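Notes for the one structure printed next.
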Amino acid sequence: MSSILTQCGDGVLTVTLNRPEKLNALTGEMLAQLYEALAAAENDDSVRALLLTGAGRGFCAGQDLQAQNLATAGQEPNLGEVLDSQYNPVLRKMTGMRKPLVCAVNGVAAGAGANLPLACDIVFAAKSAKFIQAFAKIGLIPDAGGTWHLPHILGLPRAKALTLLNEPLSARKAAEWGLIWKAVDDDELMAEAGAAARELARGPTFGLGLSKHAMHRAMSASLDEQLDTERDLQQRAGRTPDHAESMRAFIEKRTPRFSGKPS
């Protein structure tokens with residue numbers, strides 16, 4: 001059985017972490033399959049948006065600590081190599097994705113599993129879900145982008161407290177703090193997240209990708225640098241078929257039909 005499931009419909013590729021008996025704990029093979037699914041979606045014109053979720057009662061329990069690839073007999077594990085070869089390519093692929101990426105957190109999200117959603121564009125979580133950094137319990141630091149996303153989104157005081165105290169963060173509190181977009185009733189999670197993904201898939205997805213790129217650049221740019229970025233990207237957006245279609249639809253008083261194509 002594959003540890004990553006994919007299903008495409010209405011322009012949305014749903015990617016499901018599929019080790020429910022292990023709360024979708026991550027292995028090297030699983031991360032490789034996730035990377036392959038993301039890369040394929042990036043190059044598939046029929047995929048206009050993606051939806052990431054987990055099978056069973058949890059989203060992701062983080063790294064599978066029993067995975068044999070963490071260490072060989074009698075040797076200390078090289079966790080830096082694990083991150084460099086397995087996790088970081090996936091995180092870079094997710095954050096660099098020019099197509100909208102929605103996440104539906106359906107249960108516990110711990111360790112790296114708590115930080116994977118933060119690399120997505122819009123995160124929905126079931127109200128029963130909890131985000132747990134978990135790293136402090138085993139003497140490690142937050143990875144999978146955690147040390148970047150947490151302080152940038154929450155600010156240093158909350159980021160450090162979550163990390164050092166290892167307290168679970170409820171979906172409701174995560175939404176209140178702005179860590180995720182919305183906490184929803186458990187039985188409505190996939191309906192709401194799926195509706196958002198389908199809405200994005202019908203949109204001007206190339207332009208949406210440019211917006212994502214601009215916002216990521218803004219996290220490390222000065223205002224002057226960002227104004228130049230806006231100028232350059234707006235020039236590209238203004239020349240797309242989707243912008244021309246939106247202008248025609250406005251004049252003709254109809255709903256635009258976007259293609260998501262750059263030219």
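Given the structure is predicted, the values throughout are model-derived calculations rather than measurements.
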Check whether any side-chain heavy atom of Val102 sits under 4.5 Å from a side-chain heavy atom of Leu52, and report yes or no.
-> no

For the hydrophobic clusters of this structure (ILVMFWY residues joined by side-chain heavy atoms under 4.5 Å, transitively), does one cluster hold both Met30 and Leu5?
-> no

Close side-chain approach of Thr240 to Pro204, heavy-atom, < 4.5 Å | no

Work out which heavy atom in Arg19 is nearest to a heavy atom in Ala25; give both atom names and the distance.
-> NH1-O, 2.8 Å

Donor-acceptor pair, side chain of Gln226 and main chain of Ala214, under 3.5 angstrom = yes

Charged N to carboxylate O below 4.0 Å: is that the case for Asp185 and Lys127?
-> yes

Val105 and Phe124, any side-chain heavy atoms less than 4.5 Å apart = no

Under 3.5 Å, side-chain donor or acceptor atoms of residues 141-150 against the rest of the protein: list the pairs with distances, not counting sequence neighbours.
{"residue": "His149", "atom": "ND1", "partner": "Gly145", "partner atom": "O", "Å": "3.3"}
{"residue": "His149", "atom": "NE2", "partner": "Leu118", "partner atom": "O", "Å": "3.4"}

Side-chain heavy atoms of Leu200 within contact of Ile122, under 4.5 Å = yes

Would you list the atom pairs, donor with acceptor, under 3.5 Å between side chains in residues 34-43 and any protein atom, with sequence neighbours excluded?
{"residue": "Glu42", "atom": "OE1", "partner": "Lys93", "partner atom": "NZ", "Å": "2.9"}
{"residue": "Asn43", "atom": "ND2", "partner": "Ala39", "partner atom": "O", "Å": "3.2"}

Closest non-hydrogen contact found for Asn106 with Leu189 is CA-CD2, 3.5 Å

Distance (rounded to the nearest 0.5 Å) between Gln86 CD and Leu91 CG | 12.5 Å

Sidechain N-carboxylate O distance under 4.0 Å for Lys212, Asp121 | yes

Taking only residues two or more places apart in sequence or in another chain, which ones pass side chain to side chain contact (heavy atoms under 4.5 Å, CB included) with Arg239?
-> Gln235

Any side-chain heavy atom of Leu223 within less than 4.5 Å of one from Leu227?
-> yes

Side chain of Asp242, backbone of Gly260: donor and acceptor closer than 3.5 Å?
-> yes

Going by atom types only, do Ser222 and Asp224 share a side-chain donor-acceptor pair under 3.5 Å?
-> no

Just wondering, more than 12 heavy atoms not from Gln7 lying within 6.0 Å of its CD?
-> no

Would the number of heavy atoms belonging to other residues, nucleotides or ligands and lying under 6.0 Å from CD of Glu81 be above 12?
-> no

Using a 4.5 Å cut-off on heavy atoms from C-beta on, say whether the side chain of Gln66 contacts that of Lys22.
-> yes

Test item: Asn18 side-chain N/O and Ser2 main-chain N/O as donor-acceptor pair under 3.5 Å | yes

Can you measure from OG (Ser128) to CG (Asp187) and round to the nearest 0.5 angstrom?
-> 10.0 Å

Verdict with reasoning, Leu23 to Phe59, per side-chain contact (heavy atoms from CB on, under 4.5 Å) = CA-CA 7 Å; Leu23 290 178; Phe59 174 73; over 6 Å; no

Crowding at CE, Met215 (>12 non-hydrogen neighbours, <6.0 Å) | no

Can you get from Val15 to Leu116 by hopping between Ile, Leu, Val, Met, Phe, Trp and Tyr side chains that sit under 4.5 Å apart?
-> yes

Kindly compute the distance separating CG (Leu50) from SG (Cys103), expressed to the nearest 0.5 Å.
-> 11.5 Å

Candidate pair Ser46 and Asp44, rule side-chain hydrogen bond (donor to acceptor under 3.5 Å, both in side chains), full reasoning = CA-CA 5 Å; Ser46 70; Asp44 186 345; 2.7 Å; yes

When clusters are formed by joining ILVMFWY residues with side-chain heavy atoms under 4.5 Å apart, either directly or through shared neighbours, do Val47 and Ile4 land in the same one?
-> yes

CD of Glu245 to CZ of Arg257, rounded to nearest 0.5 Å, is 5.5 Å

Give the C-alpha distance, both sets of side-chain angles, the deciding distance and a yes or no for side-chain contact (heavy atoms from CB on, under 4.5 Å) between Arg48 and Val12.
-> CA-CA 6 Å; Arg48 303 280 300 281; Val12 176; over 6 Å; no

Heavy-atom closest contact (Ala197 atom, Ala49 atom, distance) | O-CB, 3.6 Å

In a table with atom names and distances, give each donor-acceptor pair under 3.5 Å that connects a side chain of residues 153-177 to protein atoms at least two apart or in another chain.
{"residue": "Thr163", "atom": "OG1", "partner": "Ala159", "partner atom": "O", "Å": "2.9"}
{"residue": "Asn166", "atom": "OD1", "partner": "Ala134", "partner atom": "N", "Å": "2.8"}
{"residue": "Ser170", "atom": "OG", "partner": "Lys173", "partner atom": "N", "Å": "3.1"}

Do the side-chain N and O atoms of Ser3 and Gln33 include a donor-acceptor pair separated by under 3.5 angstrom?
-> yes

Could you walk me through whether Asp64 and Thr27 pass side-chain hydrogen bond (donor to acceptor under 3.5 Å, both in side chains), step by step?
-> CA-CA 6 Å; Asp64 187 341; Thr27 65; over 6 Å; no

State, with a plain yes or no, whether a side-chain heavy atom of Leu13 is found less than 4.5 Å away from one of Lys99.
-> no

Verify, without hydrogens or angle tests, whether Asn24 (side chain) and Gly58 (backbone) share a donor-acceptor contact under 3.5 angstrom.
-> yes

Enter the distance from Leu51:CG to Thr14:OG1 here, rounded to the nearest 0.5 Å.
-> 4.5 Å

Here the pair of heavy atoms bringing Thr53 nearest to Met190 is OG1-SD, 3.8 Å

Nearest atoms (heavy-atom pairs only) where Ala129 meets Ala125 | CB-CB, 4.3 Å

Listed by chain and number, what are the side-chain hydrogen bond (donor to acceptor under 3.5 Å, both in side chains) partners of Asp10, not counting sequence neighbours?
-> none

Please collect all salt bridge (Lys or Arg N to Asp or Glu O under 4.0 Å) contacts where either partner lies in residues 191-208, sequence neighbours excluded, each pair once.
-> Lys182-Glu192, Glu199-Arg202

Same cluster or not: are Tyr87 and Leu101 linked, directly or through other Ile, Leu, Val, Met, Phe, Trp or Tyr residues, by side-chain heavy atoms under 4.5 angstrom apart?
-> yes

Could you state the interatomic distance from CZ (Phe258) to OG1 (Thr205), rounded to the nearest 0.5 Å?
-> 9.5 Å

Transitively linked via ILVMFWY side-chain contacts under 4.5 Å: Leu179 with Val123?
-> yes

Which atom of Pro262 lies closest to which atom of Phe206, heavy atoms considered | CB-CE1, 3.5 Å

